Structure formats: C-alpha cells, structure tokens
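Shown next, in structure tokens, is the structure this report addresses.
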Amino acid sequence: MKKIICFILTILLLSGNAFASEAEYDFETDSGDVSAAIFEESEAVTGEISVSAPSAILMEKETGTVIFEKEADKLMQPASVTKVMTILLIVEAVENGTITLDDTVTVSAYAASMGGSQVFLEEGESMTVRDMLKSIVVSSANDAAVAMAEHLAGAESAFVSMMNNRASELGMENTTFCNCTGLLDQAEHLTTARDIAIMSRELIRHDWIKEYTTIWMDTIRNGEFGLSNTNKLVRYYEGATGLKTGFTSTAMYCLSATAEREGVEFIAVVMGCETSTDRFESAKTLLSYGFSNFSLVSPTPDEVMMPVPVDMGKADTVQPELSASEKLLVAKAQVSQITREVELCDRVKAPVSEGDVLGKLTVKAEGETLVEMPIVAGHSVERLSLGDVFLSLVNEFLFGKC
C-alpha cells in the first residue's frame, strides 16, 4: 500500500502539485500557499526593523555576533526545526568515521510508524545514510529521522540523550529535547530562538551539508519517489543555504534560515509565526537587513609585520603574528573608515616561547576602537648557553663575526 502511495505522491510532485507546495504540518502540510512575491527584494533594508514573528534572532556565522533579537530567550516548541540537531549529529558521525554515507540503514517497525512528514518507509526496507539524510533535510521526513537515530544510538531515547548532551556542549542553555523529530507536542520539548541559532551555526560550519540543504527538488529510491524542500527560501531567496522549517498546531510556523552573499553568512531564526507567509517574510527581512548593513573585514594589517630583534637568542629575530585571525563584523558604513595600528616591542630577550605577547593590534573605525588583539611570537627562540656565548666570542675574535 505504501508503495502505491509513494507512486501517487511522486506523480503529484512531478506535476507541480502536492509536495511542490510546502509539506509541513507535523503532519507538516501547510494548507496555505506562499507567494513567491514575498521573497522579492526591491531595496536595501536600513534603519530600525521589525518582524511579526513573536520570537526571532539574527546571527552572523563567522563571529557569532547577534545583530537583532526579539524575545530570543523565550522558551518555545521548535516543531521540526528540532531536526537541525538530528542532522548535526548525523553529520558529525559521518565526519568522525562512525558511519559513512554509503552505509545501509534498515528500517524498524517503530521508525516506519512515524506520521507527519515522511517518505513512507516500510519495516525492513533498507536505504543508504545518504538518502536518509537527504529525506530528513529536504522533506523533513520523520520516519527517516527516527531510523537514523536508531541506527546511530540503538534507540531514539538514547539518541535524544546524545542530542541533549551536544546541546549542553554548544552552550544551548535553554534547550530540552524529548524526541528527534519535533513531531510530538511534548510540553517539555522546548528551546529558544537563540539556542536554535547556536546549533544552526554549528551545523553550517560543516560546509558539505549545504549539498543537501540547498536542494529544491530531488528523488530517492532510484528516482521513484520525489522530494521537495519545505524551505521556499532555497528556491526564491538569493544566496539561501538552508536550513529547516517546522510547524505544529502548538509550535506554529518556525524557521531557521541561512543565506550567504559576498562571503558573509547569516542565520535568521523565527518562531511561533501565525502563518507560513509570516515566517518567510520575517526571515527574509532579517537576512536582508544583515546583508544590507554589515560586512566582514580582516583584522590583518595591510603591511607585513617586521621581525622583532632577540637579545641572547639562538635566532636573531622572532616573527610576530596575530594571536587570532578571525574576521570582524562591522557596519558597511564603517568599512572605508577602518584603520589598523600595530604596536610592537623594540626588542626582546631570549628565551622566547611561541605565543609570547610582543605587542598589540588596534582596529579602529572613525576613532572608535572596534577590537584590540594581541600580537604574539610565531615561534620559539632558545636562549644562548654559556658555551654558545663562548663560541660566539671566539668566532668574533678570530673571524670578525659571530
């Protein structure tokens, strides 16, 4: 019977109906359509902004800087945005060698029983990790999420413990996961917009997941079953890189949206929206505000820093370098005003250890200090021993050099 349903749904998908509109109601089927017109950007978004989403946050990926927030620490149910953590654990398992994308996953009766968004897995059916992951990311498949949870941890409950442990490691202070899908409206299954932004940021650091999160339409089962992304930003918003939608009648419309332009990537999380249009409109507004007003700049000085002389060292000099090379998020209006001031020791005495502070770099814009960064020794320099000093004096006496 499920194969017949799969066939019918695929035909509907390919004909442009059914799944081609959003498939989310944890059953995830949003009955309201979303017009592509809401994704259009007519001009830069400047000045103060407001969004209809009851809870929202805008974060920049590289620095983790929060640019905008509205009730970002309010405890709310995340619906299928829960799956950001599920996907993250799968990605990390692939990268640490626990599993491979080509591994085969066998579906249990419990996983096959999942309702809501699904790819209609049958008990005993086998599918690769690659197609399971694709089904979760693109179509928010609850059955695939549970199958992967069982494959990795033996049982969904054990996988949920892994989810909560990882959330704690990431500093998600207000999150409690009770399942791996967000399908059930469990009262204790709660998180915040800020915590979702934190785990979303961690996920998109694994750049290869964007091969999946940017898929608009695809297939599994050798082309026999169609998938359509529940995140319409992927199709209509320039630079969209993901990430995950969610809806239940309790959580309402949620979204963690990511997009990248000109080397800057933003994460916009909105929760509790009244309609699907509201969530996409809110996310678009936040992302466009970020792109319109902020840029990443390198703190690295324009000129190479000259070596610092070392007294009594086995090397005459030590090369200074920045203690960190992270970029800085600045307002676009400040970019042309940025200056970098380098202060270095005139000379240092050996021994010098790698990482010893030699000075500082001050980055300013319009006279305002944006950041001060230590300049450190790029390598160690040992102190000359008494024997080294003696030989040096002998060489200088005999040959006029040391």
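All figures in this text were calculated on a predicted structure; none of them were measured in a lab.
Although no hydrogens or angles enter the test, the distance criterion places no donor-acceptor pair under 3.5 Å between the side chain of Asp73 and the main chain of Arg194. Checking side-chain atoms of Gln77 against main-chain N and O of Ala79 turns up no donor-acceptor pair under 3.5 Å. Under the 3.5 Å distance criterion, the side-chain polar atoms of Asn231 are left unmatched by any main-chain donor or acceptor of Thr245. In terms of modelled atom types and a separation under 3.5 Å, the side chain of Thr213 and the main chain of Thr241 share a donor-acceptor contact. Here the side chain of Arg261 pairs a donor or acceptor atom with the backbone of Glu238 at under 3.5 angstrom. His206 places no side-chain N or O within 3.5 Å of a backbone atom of Leu88 that could act as its donor or acceptor partner. Under the 3.5 Å distance criterion, the side-chain polar atoms of Thr181 are left unmatched by any main-chain donor or acceptor of Asn142. In this structure, Lys332 contributes its side chain and Phe291 its backbone to a donor-acceptor pair below 3.5 Å. Side chain of Asn174 to backbone of Thr192: no donor-acceptor contact under 3.5 angstrom is found. Between the Ser288 side chain and the Lys284 main chain, a donor and an acceptor come within less than 3.5 Å of each other.
Side-chain atoms of Phe266 and Ile67, non-hydrogen and from C-beta on, do get closer than 4.5 Å to each other. For the pair Glu92 and Met162, the minimum side-chain heavy-atom distance is 4.5 Å or more. Met132 is listed as a side-chain neighbour of Leu121, based on a closest heavy-atom distance under 4.5 Å. Side-chain contact between Thr258 and Leu203 is absent, with no heavy atoms from C-beta onward closer than 4.5 Å. Side-chain contact between Trp208 and Val91 is present, with at least one heavy-atom pair separated by less than 4.5 Å. Residues Asp143 and Val107 are not in side-chain contact: their nearest non-hydrogen atoms beyond the backbone lie 4.5 Å or more apart. At a threshold of 4.5 Å between non-hydrogen side-chain atoms, the residues Thr191 and Met85 do not count as touching. Between Glu224 and Thr219 there is no side-chain heavy-atom pair separated by less than 4.5 Å.
The closest side-chain donor-acceptor pair between Asp195 and Thr175 falls under 3.5 angstrom. For Thr86 and Lys83, the side-chain atoms include no donor-acceptor pair closer than 3.5 Å. Side-chain atoms of Asp103 and Thr100 include a donor-acceptor pair closer than 3.5 Å. Side-chain contact, Glu150 with Tyr110: no donor N or O sits under 3.5 Å from an acceptor N or O. Counted by atom type alone, Ser117 and Ser140 present zero donor-acceptor pairs between their side chains at under 3.5 Å.
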Determine, step by step, whether Met76 and Glu71 satisfy the side-chain contact (heavy atoms from CB on, under 4.5 Å) criterion, reporting the C-alpha distance in whole Å, the side-chain angles of both residues, the deciding distance to 0.1 Å, and the verdict. CA-CA 10 Å; Met76 302 183 76; Glu71 297 288 343; over 6 Å; no

Glu281 and Ser52: side-chain hydrogen bond (donor to acceptor under 3.5 Å, both in side chains), yes or no, with the steps? CA-CA 8 Å; Glu281 185 74 70; Ser52 61; over 6 Å; no

Going through the distances and angles, do Ile375 and Leu322 end up as a side-chain contact (heavy atoms from CB on, under 4.5 Å)? CA-CA 5 Å; Ile375 299 174; Leu322 290 179; 4.1 Å; yes

Using side-chain contact (heavy atoms from CB on, under 4.5 Å), reason through Asp218 and Val138 one step at a time and then give a plain yes or no. CA-CA 8 Å; Asp218 207 333; Val138 179; 5.8 Å; no

Taking it one step at a time, do Met127 and Val105 satisfy side-chain contact (heavy atoms from CB on, under 4.5 Å)? CA-CA 5 Å; Met127 187 175 286; Val105 180; 5.6 Å; no

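Among all heavy-atom pairs drawn from Leu296 and Gly263, the shortest one is CD1-O, 3.6 Å. The two atoms that bring Trp216 and Lys232 nearest to each other are CZ3-CA, 4.0 Å, heavy atoms only. For the residue pair Ala53 and Ser282, the shortest heavy atom distance occurs at N-OG, 3.4 Å. For Ala365 against Leu370, the heavy-atom pair with the smallest separation is CB-CD1, 3.9 Å. Ala283 and Leu233 get closest at one heavy-atom pair: CB-CD1, 4.4 Å. Scanning all heavy atoms of the two residues, the minimum distance from Met271 to Ala193 falls at SD-N, 3.5 Å.
The CD1 atom of Ile99 sits 11.0 Å away from atom CZ of Arg130, with the distance rounded to the nearest 0.5 Å. The line from CG of Leu329 to OG1 of Thr65 is 5.0 Å long, rounded to the nearest 0.5 Å. Between the CE atom of Met59 and the CG atom of Leu286 there is a distance of 12.5 Å, given to the nearest 0.5 Å. In this structure, the separation between NZ on Lys70 and CG on Leu58 is 14.0 Å, given to the nearest 0.5 Å. Note: Met217 CE to Leu227 CG = 9.0 Å, rounded to the nearest 0.5 Å. Put simply, SG on Cys180 and CE on Met148 are 10.5 Å apart, with the number rounded to the nearest 0.5 Å.
No cation-pi contact links Arg166 to Phe159, judged by a cut-off of 6.0 Å to the six-membered ring centre and 45° from its axis.
Summarising the local packing, CD of Glu169 is surrounded by more than 12 heavy atoms from other residues, nucleotides or ligands at distances under 6.0 Å. Asn96 CG: more than 12 foreign heavy atoms inside a 6.0 Å radius. In the displayed structure, Glu366 atom CD is contacted under 6.0 Å by more than 12 heavy atoms of other residues, nucleotides or ligands.
Ion pair Glu60/Lys327 not flagged as a salt bridge, since none of the NZ, NE, NH1 or NH2 atoms sits closer than 4.0 Å to an Asp/Glu carboxylate oxygen.
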